[in-house]
Amino acid sequence: MKRSEQSTPFVTEAPRILESPEEVLSTLGADGKRRWIYPVSSPGRYFNWRRIVGYVLVVLYLALPVIHIGGKPAVMLDFVHREFALFGLTFYPTDTLLLLGFGVSMVLVVIIGTALLGRVWCGWACPQTVYLEFVFRPIERLIEGKEHVRSRRDAGPMNWDKAWRKGLKLSIYLLIALLLAHTFVAYFVGWQTLIDWMLDPPGEHFGFFGMMALTTGLILYDFGYFREQMCTIACPYARMQSVLLDPDSLIVSYDPGRGEPRAKRSRKTMEEEAAGVRPAQGDCIDCLACVRTCPTGIDIRNGLQMECIACTQCIDACDSIMDKIGKPRGLVRYTSEHALAGKESRLFRPRTILYTLLIGLVSTLFVVGLVLRSDYDINVGRVTGSPFTELPDGSIANRLRFRVRNQTGATTTMTITGLPKDQIEMRFVGVHPMPIQPGEMIRLEAWVVVQPDYFKTSTSRETTFDVSFSDGVTETVSFPLLGPSAHEPANN
């Protein structure tokens with residue numbers, strides 16, 4: 001760092017507070033131009049916990065495609081082969097209802113989490129917050145210096161000092177974006193396949209190469225430039241909070257009853273207040289520490305706002321100031337609107353009870369469906385063409401197609417038997433018994449041959465088939481065979 005930077009006291013321009021209704025965002029001017037913000041880091045108890053949670057989530061994101069459970073990645077969304085692997089469970093296209101139940105459960109968890117804990121997802125677990133605050137911004141501070149230094153340098157002309165710092169920062173950002181983008185693609189194809197593709201010319205796997213390049217570009221643009229605008233402009237979750245929150249929801253809020261009237265004070269004025277020489281002011285000394293540290297540039301003292309992501313940085317900043325001036329912590333804290341108004345906050349209220357019941361219902365249906373799911377998905381259909389055929393010996397044949405998916409993790413062999421055996425003859429088109437690999441779906445056609453008297457009472461007769469597997473499992477399926485009536489000749 002240059003000598004001038006070392007000797008410059010930590011003085012930065014006061015954060016700009018919204019002055020008129022036309023200025024709808026603290027990072028956006030009335031003319032629509034971007035106003036860049038430089039949030040100051042505020043280490044504290046919440047910051048330390050958020051950092052631990054954030055790094056755990058980063059490690060999980062990088063590790064889940066690598067860790068294998070039951071021979072498959074812990075999480076892999078293989079759209080090409082229509083197969084989802086989630087923590088040892090494999091879902092196929094026939095499990096659409098199960099996946100729907102899982103998705104609905106996750107949405108309900110987010111809804112009840114917001115109703116109870118406010119925007120805890122945004123501040124503690126959202127990838128936008130986690131990567132920006134604990135990966136990209138620390139690198140930026142390391143290379144470009146503290147916020148007041150960066151602000152002054154950015155406002156000046158381009159020079160060598162500014163160019164090499166920006167270039168180095170963006171180069172490191174690009175490497176991180178490449179890692180995150182490749183990991184993202186690995187969630188869809190697996191790391192081993194991705195590594196094999198990386199060794200091939202890009203044109204051989206152009207679709208996934210383009211997907212990786214696009215993802216890299218979006219990550220670099222987001223964390224290098226767009227930043228807090230993802231939360232304040234693009235993300236729809238903030239606009240949903242007016243529906244999801246209620247006065248009992250936990251939010252990050254300033255306590256105006258304790259903080260007002262706010263005023264800047266010296267040690268002398270505080271001593272005079274304690275001695276009763278002058279009227280006591282509120283605990284807020286209008287230092288703007290809560291505003292300087294806010295990653296979306298808002299003033300938490302203005303009440304609950306759409307741009308607040310509940311990151312708790314203002315809590316840590318204010319607690320630090322309260323410690324310095326000898327006031328109790330909690331001027332800015334986790335609380336609720338009812339608590340601020342002196343009312344009791346309720347944990348159990350109609351919406352939280354309803355959300356809990358819905359989560360319980362959907363989760364129960366999901367678990368029951370998962371437990372009752374068969375190891376083998378079997379479907380029987382009729383091959384296109386004539387519904388039945390009369391063979392030269394007078395017997396009647398129906399051509400059926402058996403579609404079977406092996407939903408276990410082991411190779412098996414399938415055998416199909418028509419019941420009763422003395423009346424049903426199976427003539428297979430292809431290999432039988434047929435081997436089936438784990439996760440594989442096979443189609444096997446067969447002529448099901450019966451004697452004409454099989455249809456002496458009806459032209460359609462429900463017939464049972466035993467589908468047996470080498471692991472000892474036997475599934476029974478039924479399908480109607482068609483034939484001529486006793487008074488009509490068969491079709492040829």
Side-chain angles (χ1 to χ4, degrees), residues 1-2 4-18 25-28 34-51 54 122-124 126 128-156 162 165-166 169 173 223-232 252-254 259 262 264 283-302 305 307-325 327 329-333:
M1 186 176 292
K2 290 184 176 182
S4 61
E5 296 177 2
Q6 292 176 330
S7 60
T8 301
F10 186 79
V11 178
T12 184
E13 181 183 353
R16 194 169 188 276
I17 310 302
L18 298 184
L25 291 174
S26 58
T27 58
L28 196 69
R34 169 82 174 274
R35 181 180 297 114
W36 199 269
I37 63 172
Y38 299 85
V40 178
S41 178
S42 298
R45 50 177 177 157
Y46 287 114
F47 179 85
N48 293 334
W49 280 110
R50 286 174 58 234
R51 181 162 50 188
C122 295
W124 291 74
C126 177
Q128 178 72 18
T129 302
V130 168
Y131 285 99
L132 182 57
E133 299 301 329
F134 302 115
V135 177
F136 289 93
R137 274 198 171 123
I139 293 173
E140 184 175 59
R141 292 187 179 105
L142 179 65
I143 297 174
E144 296 197 56
K146 292 185 177 296
E147 287 69 23
H148 67 290
V149 177
R150 295 204 314 273
S151 176
R152 186 173 62 248
R153 183 186 296 116
D154 289 348
K162 183 176 182 179
R165 291 178 187 273
K166 295 290 184 183
K169 180 185 74 170
Y173 280 10
F223 294 107
Y225 177 78
F226 203 57
R227 296 193 164 187
E228 75 282 345
Q229 294 187 125
M230 177 64 71
C231 304
T232 60
V252 174
S253 183
Y254 164 76
R262 70 185 77 155
K264 295 184 180 297
D283 285 353
C284 178
I285 63 173
D286 205 20
C287 63
L288 299 180
C290 57
V291 184
R292 288 189 178 93
T293 196
C294 180
T296 59
I298 67 169
D299 187 346
I300 193 65
R301 298 172 299 176
N302 293 335
Q305 298 157 71
E307 297 83 12
C308 177
I309 60 173
C311 67
T312 69
Q313 289 188 186
C314 54
I315 297 181
D316 285 330
C318 187
D319 283 349
S320 175
I321 298 298
M322 293 297 104
D323 290 343
K324 292 177 181 179
I325 65 174
K327 297 289 185 177
R329 293 182 171 188
L331 179 59
V332 180
R333 64 183 184 271

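Predicted model only: the values in this text are computed from it and were never measured.
For the pair Y173 and E140, the minimum side-chain heavy-atom distance is below 4.5 Å. At a threshold of 4.5 Å between non-hydrogen side-chain atoms, the residues T312 and W124 count as touching.
For the side-chain contact (heavy atoms from CB on, under 4.5 Å) with E147, the lone residue among R292, R152, R137, R141 that qualifies is R141.
Qualifying side-chain hydrogen bond (donor to acceptor under 3.5 Å, both in side chains) partners for Y46, counting only residues two or more places apart in sequence or in other chains: none. Remark: C311 engages R50, P295, I309, Q313 in a side-chain contact (heavy atoms from CB on, under 4.5 Å) (not counting sequence neighbours). With sequence neighbours excluded, no residue forms a ring-ring contact (aromatic ring centres under 6.0 Å, His included) with Y131.
The residues R34 and E228 are annotated as salt-bridged, a charged nitrogen and a carboxylate oxygen being separated by less than 4.0 angstrom. One finds a salt bridge joining K166 and E144 here, because a Lys/Arg side-chain nitrogen approaches an Asp/Glu carboxylate oxygen to under 4.0 Å.
Within a 6.0 Å radius of CH2 in W36, other residues, nucleotides and ligands contribute more than 12 heavy atoms.
Looking only at atom types and distance, the side chain of R45 has no donor-acceptor partner in the side chain of N48 under 3.5 Å away.
F134 and F47 have tilted rings, their planes meeting at an angle from 30° to 60° on a 0 to 90° scale.
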Output, in order, the C-alpha distance, side-chain angles, deciding distance and verdict of side-chain contact (heavy atoms from CB on, under 4.5 Å) for I300 and C294.
-> CA-CA 8 Å; I300 193 65; C294 180; over 6 Å; no
